[in-house]
Amino acid sequence: MPFKRPAPLPSQSESQSSSSANLLSGSSKRPRLSPPPGKALPNVKLFIVQAKLNTSAISELFGLAEQHAKRLCNKPEDADVIVTAIGMRRRLERHIPWELAKHKAVVTPQWLRDSVKNGSSLPYDNYIAIQDLQDTIVQNCPECNCKPCACSPSSTSSYASSSLRHSQESLASATSATSPPTAIPAYLLPPSPPLETDITKLDYTSRYACQRASPLVCPNQALVHELDIIRQSRALEGEVRSALSYARAVSALKAYPHKITSMKQVEKLPYIGTKITGLVEEFIDGGHINEAETIRSSVRFQALSLFSSIYGIGPTTAQRLYDLGLRSLDELEVYYGVDSKTQTSIDSGIVEVEKESKRRHAKDEGDEGLGDTWIKIALGLREDLAIKIPRDEVEEMGRVVMRELDQLEHGCVSTIVGGYRRGKPESSDVDMVFTHPDASKIKGLCKRVVQRLHEGGMVSHVMHLSGFHAHNPLRTTHWDSLEKSLTVFILPPSSTFYRGTRRRLDLIFSPPELYWTAVVGWSGSIMFQRDLRQWAKDKHGMKFDSSGITRRYDSKVFFPKTEKEVFDLFELEWIDPTLRNADA
DNA sequence: CGGCAT
DNA sequence: CGTAT
DNA sequence: GCCG
């Protein structure tokens, strides 16, 4: 055994109290292996724009700047070089006035890294952060009239710093903290540099999605969509096992890296049996699947899909409504007695819905009851909740929530998980996992922050199935401290992203020792997560649930200190979140 | 034929 | 039964 | 609906 690790709880509770005034200057380092002697940038005054950088990137860049630059400025106007991961003018303008930016060198973080590696300042031209800015500078730069200079676009390798970096950084930006980077123990921060997935060690013929690389969009996406229609139909009809089979077949196809043109390719794939083989064959021949087309055009499927799109209506309720003869939203509203289009109570009201079974007096409601009130509300929310959330706005929601949380409890750490973390360009909701280095700060935080957001007009509805706090005396400590809240959120009008659209926001508060377990669990995808749990059980006799990872025979609990340690524990190759898209 | 995540 | 991944 |  290597070193015994200290208990996961940090003992530095005093240094925890550093304030956000330190944000720009604090950066005392995680230990750097061999610091090169002397400053690489002795004449450079730097300003770093934190936006779009994750905490580990921030601490890395601040460390480099502190060590190698003449000065790390608190204000952009004091600096001569601005480092930013932002690639678009409009976004940069939220942090730095355009007139100011025009007179500075605005470069990507890679410029700082490479210059330090180089031992001295490199030309800016391969690291121009913003295209508009480059054009402006080129136009205004007199020297550019004669010959290539630092202002001119490079013909050689400039792409490495723009397009490539841009996508990586935007995907890496899911983690943030309310503290100066240094106040947060390393075990709560994402690794820097980020881990790379070794695709050669993965196996698309594996029966477990957690051993396959599943990109967001695969070469057989059209086929996947057809099969997913059948899966949806099976689910809506209550044929859950059949639906599961289709989900697994889809999942296997998602990881197959070539376009399928012959059935021979399919023979190696798991979960493609008699029935689905026929469907795939049909698709190869004609580019579509008859059963999927039939389902798509069926009135029943359309109605069940529509009904299930309302939050709180699942397959069973949808079928019941269908059997009552209902077919449209208008008919649903009549049935649930929504006050037509004048539901001001819903638009302005602030509602808290408790999940508990209300002891209804079983009379006036008749028997149809069953969460009527919630469904009435959900009908009013449907239009908004059907609108997807762009990544930019997901990030803004994350910032807003963290800003509020910081006022309640300084030093929290969070990761935006769910589809956003898997790289989806748009999300249907936002999921955030939170923790705090001091485990004692977590209890009650979920409720408190939701209360605060609610008072600030940002949370309009709460489904509080919080705390599995049914204080089970057999399970002492931390288990029950995982709290979650499913809410309806709206950005404040002061936000530049404000569009008045209500959004689903899920908040998950985890004690620090369960943070990475929670992050893995909530990063999905669903099939990836199912198979991860299946793998844990089949190969290691372990149980992976919302409150942690335990060994089944002795109930020993595991506390992986990084996301990769979850994979290590299960003897799985690391798979980046963006390759866990095992669902359609 | 039982299992399919929790 | 519906929700979350 | 597929797998061991």
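Everything quoted here is computed from the prediction, not taken from an experiment. Letters A, B, ... mirror the listed sequences (proteins, then strands); counts begin at 1.
- Spacing of P atoms, dA5(B) relative to dC3(D), comes out at 15 Å, to the nearest Å.
- Between Leu486(A) atom CG and dT3(C) atom C1' the separation is 6 Å, expressed in whole Å.
- With distances taken from any side-chain atom of Thr274(A) to the nucleotides dC2(D), dG2(C), dC4(B), the minimum falls on dC2(D).
- For His258(A) and Tyr256(A), the gap between ring centers is short of 6.0 Å.
- Nucleotide dC1(C) forms a pair with no other nucleotide shown, judged by Watson-Crick or G-U wobble geometry with both contacts under 3.5 Å.
- Residue contacts for Gln529(A): at a heavy-atom cut-off of 4.0 Å it reaches a base atom on one of the strands shown.
- Applying the ring pair (Phe, Tyr, Trp, His ring centres under 6.0 Å) test to every pair with at least one member in residues 269-298 of chain A, sequence neighbours left out, gives no pairs at all.
- The pair Asp406(A)-Arg403(A) does not count as a salt bridge, with every side-chain nitrogen at least 4.0 angstrom from each carboxylate oxygen.
- Figure legend: Arg422(A) and Trp522(A) shown without cation-pi pairing, the cationic atom not lying both under 6.0 angstrom from the six-membered ring centre and within 45 degrees of its axis.
- Here dA4(C) presents its C1' atom at 13 Å from CG of Asp545(A), a figure rounded to the nearest Å.
- By the 4.0 Å N-to-carboxylate-O rule, Glu409(A) lies too far from Arg452(A) to be salt-bridged with it.
- Annotation: proximity of residues 231-247 of chain A to DNA chain C (heavy atom, distance under 4.0 Å) is found for no residue.
- Residue Leu532(A) is classed as having no contact, given no heavy-atom separation below 4.0 Å to the nucleic acid.
- For Lys275(A), the NZ atom is densely surrounded, since the number of other residues' heavy atoms within 6.0 Å is greater than 12.
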